[in-house]
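Shown next, in structure tokens, is the structure this report addresses.
Only a predicted model underlies this, so the values are computations on that prediction, with no experimental measurement involved.
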Amino acid sequence: MARPKSFKEDELIALINEYYLKYPNMTIKVSDLERYANAHGHPEFKSHSIRRCP
């Protein structure tokens with residue numbers, strides 16, 4: 001049986017929108033997004049989990 005996701009897709013979309021508003025001209029990399037999430041109080045966002053999210 002698979003593990004439950006540590007975050008919801010809506011939370012990821014909100015985080016991506018927040019990241020994009022702060023850095024509009026940057027290409028969004030998963031590793032940068034993970035660092036941004038961890039710095040802003042979301043330790044549950046890991047790069048391997050973000051990559052697997054459609």
Sequence neighbours left out, what passes side chain to side chain donor-acceptor pair (under 3.5 Å) with Asn38? Give chain and number order. none
Are Phe45 and Ile50 side-chain neighbours, meaning at least one heavy-atom pair lies under 4.5 Å? yes
Going by the salt bridge (charged side-chain N to carboxylate O under 4.0 Å, His left out) test, which pairs reach into residues 33-44, not counting sequence neighbours? Asp32-Arg35
Distance-only donor-acceptor hits, side chain of residues 12-28, under 3.5 Å, sequence neighbours excluded:
unit_1, atom_1, unit_2, atom_2, d
Asn17, ND2, Ile13, O, 3.3
Glu18, OE2, Tyr36, OH, 2.9

Could you pull out all residues at least two apart from Arg51 that satisfy side chain to side chain contact (heavy atoms under 4.5 Å, CB included)? Val30, Ser47
